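Report on one structure; see the data block that follows.
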Amino acid sequence: QVQLVESGGGLVQSGGSLRLSCAASGSANYAMGWFRQAPGKEREFVAAISRSGANIPYADSVKGRFTISRDIAKDTVYLQMRRLKPEDTAVYYCASRRTEGFLSSTYFSPADYFYWGRGTQVTVSS
């Protein structure tokens with residue numbers, strides 16, 4: 001059983017930075033992802049990282065601003081967010097697959113992830 005707990009969210013001004021953490025138990029061998037959901041919108045893909053760290057896709061909306069990383073020894077996944085914009089405001093969720101990698105055709109789909117955290121709120125003021 002994989003358990004995920006996100007932290008690091010908060011209120012930040014536009015242009016600021018935040019680092020989210022996802023403390024996991026039992027997910028060190030799995031590919032992981034970050035998703036977000038704004039009020040009234042569907043959950044959307046942000047970034048993912050394979051177990052080895054060799055495969056790291058990003059959503060176009062965050063490419064160049066966000067960086068996903070992981071510490072296998074600590075079983076923790078991070079999302080460093082820079083140059084935040086008001087449209088980045090959402091609840092951010094950490095998710096785990098049950099495989100080391102992911103298919104290029106499905107890594108962005110929430111249905112492709114089996115375990116989920118409860119989320120952490122990120123609010124970016126203009």
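One is the number of the first residue; the rest follow in order along the sequence. Side chains included, hydrogens not; waters and symmetry mates left out as well; all remaining heavy atoms used. What you see is a predicted model; the values in this text were computed from it and never measured.
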- Kindly write out the residues that satisfy ring-ring contact (aromatic ring centres under 6.0 Å, His included) with Phe45, not counting sequence neighbours, or none if the list is empty. Phe35, Tyr107
- Query: With Tyr113, which residues qualify under side chain to side chain donor-acceptor pair (under 3.5 Å), at least two apart?
  - Reply: none
- Task: Measure the CG-CD distance between Leu18 and Gln80 for me, rounded to the nearest 0.5 Å.
- Result: 8.5 Å
- Message: For Arg36, is there an ion pair with Glu44 - N to carboxylate O distance below 4.0 angstrom?
- Response: yes
- Task: Any chance you could lay out the side-chain contact (heavy atoms from CB on, under 4.5 Å) test for Val5 and Gln3, step after step, and finish with the verdict?
- Result: CA-CA 7 Å; Val5 179; Gln3 294 183 327; 5.7 Å; no
- Task: Find out if a path of hydrophobic residues (ILVMFWY) with successive side-chain heavy-atom gaps under 4.5 Å connects Phe66 to Tyr93.
- Result: no
- Message: Quick check: is Tyr30 connected to Ile56 through a chain of hydrophobic side chains (ILVMFWY, heavy atoms under 4.5 Å apart)?
- Response: yes
- Message: With a 4.5 Å cut-off on side-chain heavy-atom distances among I, L, V, M, F, W and Y, is there a chain of contacts connecting Trp34 to Phe114?
- Response: yes
- Stepwise, does the side-chain contact (heavy atoms from CB on, under 4.5 Å) test hold for Glu100 with Ser52? CA-CA 8 Å; Glu100 292 188 0; Ser52 68; over 6 Å; no
- Task: Taking side chain to side chain contact (heavy atoms under 4.5 Å, CB included) as the test, write out the residues that go with Glu87, two or more places apart.
- Result: Lys85
- Task: With sequence neighbours left out, write down each residue that passes side chain to side chain contact (heavy atoms under 4.5 Å, CB included) with Val124, or none if nothing qualifies.
- Result: Val12, Ser14, Leu84, Pro86, Asp88, Thr89, Val122
- Task: State the CG-OG distance between Asp75 and Ser96, to the nearest 0.5 angstrom.
- Result: 8.5 Å
- Where at least one partner belongs to residues 21-126, residue pairs that pass disulfide (SG to SG under 2.5 Å), sequence neighbours excluded: Cys22-Cys94
- Query: Which pair of non-hydrogen atoms, one from Val91 and one from Gly119, has the smallest distance, and what is that distance?
  - Reply: CG1-CA, 3.8 Å
- Can you check side-chain contact (heavy atoms from CB on, under 4.5 Å) on Tyr58 and Arg65, steps first, answer last? CA-CA 10 Å; Tyr58 292 95; Arg65 299 188 299 122; over 6 Å; no
- With rounding to the nearest 0.5 Å, note down the distance linking CZ in Arg19 to OG1 in Thr67. 11.5 Å
- Residues passing the salt bridge (Lys or Arg N to Asp or Glu O under 4.0 Å) test with Lys63, sequence neighbours excluded, are Asp60
- Message: Is there a continuous path of hydrophobic side-chain contacts, each under 4.5 Å between heavy atoms, that joins Tyr92 to Trp116?
- Response: no
- Report whether Val46 and Ile49 are members of the same hydrophobic cluster (ILVMFWY, side-chain heavy atoms less than 4.5 Å apart, transitive linking). yes
- Query: Does Asp71 offer a backbone N or O that forms a donor-acceptor pair with the side chain of Tyr78 under 3.5 Å?
  - Reply: no
- Task: Could you pull out the closest heavy-atom pair between Leu79 and Ala47, with the gap in Å?
- Result: CD1-CB, 4.4 Å
- Query: Can a cation-pi geometry be assigned to Arg97 and Phe102, taking NZ or CZ under 6.0 Å from the six-membered ring centre and within 45° of the ring axis?
  - Reply: no
- Item | Under 3.5 Å: donor-acceptor pair, side chain of Glu6, backbone of Arg118 | yes
